[in-house]
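All of these numbers come straight from a predicted model, not from anything done at the bench.
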Amino acid sequence: TAENTSSPEYTPPPVTSPSLLAAYTQFVTESRQDNSWSQGTVDALMAFRKLLSEFGHDTQLNLIDGDYLLRFHQWLVDVRHQQGVTVHGNLTRFKWFLKWAKRKGIYTGTADIDYRPKVKGANDRNRAIIYLTHDELQQVEQYHFKEHCKNVSKDVFLFCCYTGLRSSDILRLSQADIHGDHITFTTQKTNDTLTVPLSNRARAILDRYHGCKPNRRQRTLGILHPALPTPDRKSQNRALHEIMKEIGIDSPTHHIYYIGSERHDEIVPKYELISTHTARHTFIVTAISLGISPTIILNWTGHKNYEAMRP
C-alpha cells in the first residue's frame, strides 16, 4: 500500500546533498557534455578537483559555507603558497561550481554570494606585461635549433606573434581555414568568427608545415588536416622557457606578485616569465607601434573593447 504522507506521524526522509568531491566530479562531467568543453578546460578543472582533494576536507556539499571557503583560502596561501592571481582564480572556480550546484538543486547554501574577499595581486593590471620587443623578436626569428621539436615550438610561437591567435585556436586551425592572404576561424574562447591577415612570415610558417599530421587531441576534435603541429600548452610553456633562455631573451625583468597580503618584488630573467600568451601581447604591441588603428586590431583579436585588448 502507498505510504500515508498526510498522517501527522509521517516524517519525510532527510534530504542529503552529495559530498563535495562527488558533486564536483558530476559538475565537470555534465558541464563538459553540455558546453562541449575542450580537453584543456577539463584538465584544468580536474586539476582543481585534485586541489580540493589535497585540502582534505571532503564534506557534505550543503555544509559548505563562508567559513569553509575562508579555510580553503588560507590553505591556498599558507600551505600551497599560491600567488594572489592564482588564489583568485581558484576561488572563482569554487564559486562557479557552487552556482552550478545551486541551479541543480543540490546546494542550498550561500557561500557563493557571501564570501567575497579582497585578494591582493588578483588584478593582472598591476603586473608587468610581458612581450617581445622588435629586437627580441628578430633574435627569435634568426635562431635555429639543432632539435626539431624546439624549432616547432619556436615557429608556433612566432606564428602567434604574427597573427595574435591564442594557443587554443592554433590547436583547431585547419588547412580549410587558410584563404590565401588571410585566415578565417572561430575562436574557442569566445566563439567569434575572425578574419586575420597573413604576413609573408606567417605564410612561410604555414607553408613549412603544410601536410603535417594531426596529434591525438586534434584527431579527437576532428581536425584531420591541421595548419600547424601543436604542442599542448603546458609542454609549449616549458619549451618556451628553455628556448628563450638558449636564445638569450634574458633581460632583467621586474616581477611583482603577492602571497597572501605579502608583496614580493623580484628581478628575474625575462625568459622565466614568457608563456604562450606572450605572443598575443607581442602581436598587439607590435600592431600599435606600427600605427594600426585600435579598431582594426580589435577586429583581428576579437576583444570587445580597447580596455580588454590593452596588453
Side-chain angles (χ1 to χ4, degrees), residues 16-64 68-69 72 76 80 82 85-109 111-113 115 156 160 165-174 176-177 185-194 213-238 275-277 280 302 304:
T16 59
S17 63
S19 72
L20 169 63
L21 293 179
Y24 187 83
T25 302
Q26 180 186 351
F27 160 65
V28 175
T29 302
E30 292 187 7
S31 298
R32 177 183 190 176
Q33 296 171 347
D34 295 343
N35 299 290
S36 301
W37 281 345
S38 69
Q39 187 59 45
T41 299
V42 174
D43 290 346
L45 288 170
M46 290 309 290
F48 180 71
R49 186 194 185 282
K50 182 179 179 182
L51 201 63
L52 290 175
S53 179
E54 290 174 359
F55 179 51
H57 296 279
D58 191 19
T59 186
Q60 186 177 320
L61 186 60
N62 269 334
L63 297 180
I64 303 295
Y68 187 97
L69 288 187
F72 180 63
L76 293 175
R80 297 304 299 264
Q82 290 189 350
V85 65
T86 306
V87 170
H88 177 73
N90 282 323
L91 291 175
T92 299
R93 289 186 186 92
F94 208 145
K95 290 185 176 186
W96 177 25
F97 155 63
L98 291 177
K99 289 180 188 299
W100 170 88
K102 191 173 286 186
R103 291 194 301 271
K104 294 286 291 186
I106 58 176
Y107 176 63
T108 58
D112 56 310
I113 299 171
Y115 190 67
V156 171
C160 293
L165 268 68
R166 301 180 180 90
S167 57
S168 58
D169 296 324
I170 292 290
L171 177 69
R172 290 164 175 77
L173 194 68
S174 75
D177 298 322
F185 65 99
T186 301
T187 63
Q188 164 65 19
K189 184 175 181 179
T190 60
N191 204 36
D192 294 322
T193 298
L194 305 178
K213 295 182 179 180
N215 61 26
R216 179 181 60 82
R217 287 184 64 195
Q218 287 170 325
R219 287 195 298 271
T220 301
L221 293 168
I223 310 297
L224 302 181
H225 303 285
L228 292 169
T230 312
D232 68 80
R233 186 167 61 181
K234 286 185 179 179
S235 298
Q236 177 73 339
N237 281 334
R238 285 195 298 268
S275 68
T276 57
H277 207 64
R280 191 162 163 87
K304 302 305 180 186

State which residues pass side chain to side chain donor-acceptor pair (under 3.5 Å) with [X]; sequence neighbours excluded, sorted by chain then number.
| X | result |
| --- | --- |
| Gln26 | Glu30 |
| Ser275 | none |
| Ser235 | Asp232, Arg238 |

My understanding is that only residues two or more places apart in sequence, or in another chain, count here; which of them pass salt bridge (charged side-chain N to carboxylate O under 4.0 Å, His left out) with [X]?
| X | answer |
| --- | --- |
| Asp192 | Lys304 |
| Arg80 | Glu54 |
| Lys189 | none |

List the residues meeting side-chain contact (heavy atoms from CB on, under 4.5 Å) with [X], not counting sequence neighbours, and say none if there are none.
| X | answer |
| --- | --- |
| Thr92 | His88 |
| Leu63 | Thr59, Gln60 |
| Thr29 | Thr25, Gln33 |
| Thr276 | Ser167, Arg233, Gln236, Asn237, Leu240 |

Looking only at atom types and distance, does a side-chain atom of [X] sit under 3.5 Å from a main-chain N or O of [Y], one as donor and one as acceptor?
| X | Y | value |
| --- | --- | --- |
| Tyr107 | Ile64 | yes |
| Arg172 | Ser168 | yes |
| Asn215 | Thr230 | yes |
| Asp169 | Gln188 | yes |

Nearest 0.5 Å, what's the [atom1]-[atom2] distance between [X] and [Y]?
| X | Y | atom1 | atom2 | result |
| --- | --- | --- | --- | --- |
| Trp96 | Leu45 | CH2 | CG | 5.0 Å |
| Leu224 | Lys213 | CG | NZ | 13.0 Å |
| Leu173 | Arg166 | CG | CZ | 14.0 Å |
| Cys160 | Leu228 | SG | CG | 8.0 Å |
| Leu194 | Thr186 | CG | OG1 | 8.0 Å |

Paired with Asp112, the salt bridge (Lys or Arg N to Asp or Glu O under 4.0 Å) test is passed by just one of Lys95, Arg93, Lys102, namely Lys102

Any residue meeting ring pair (Phe, Tyr, Trp, His ring centres under 6.0 Å) with Tyr24, in chain and number order, not counting sequence neighbours: Phe27, Phe48, Phe97

Identify, with sequence neighbours excluded, every residue that meets ring pair (Phe, Tyr, Trp, His ring centres under 6.0 Å) alongside His57. Phe55

Do the non-hydrogen side-chain atoms of [X] and [Y] ever get within less than 4.5 Å of each other?
| X | Y | answer |
| --- | --- | --- |
| Pro214 | Ile223 | no |
| Tyr115 | Leu98 | no |
| Val87 | Phe72 | no |

Stepwise side-chain contact (heavy atoms from CB on, under 4.5 Å) check, Arg49 with Val28: CA-CA 9 Å; Arg49 186 194 185 282; Val28 175; over 6 Å; no

Between Asp58 and Leu21, the two heavy atoms sitting closest are OD1-N, 3.1 Å

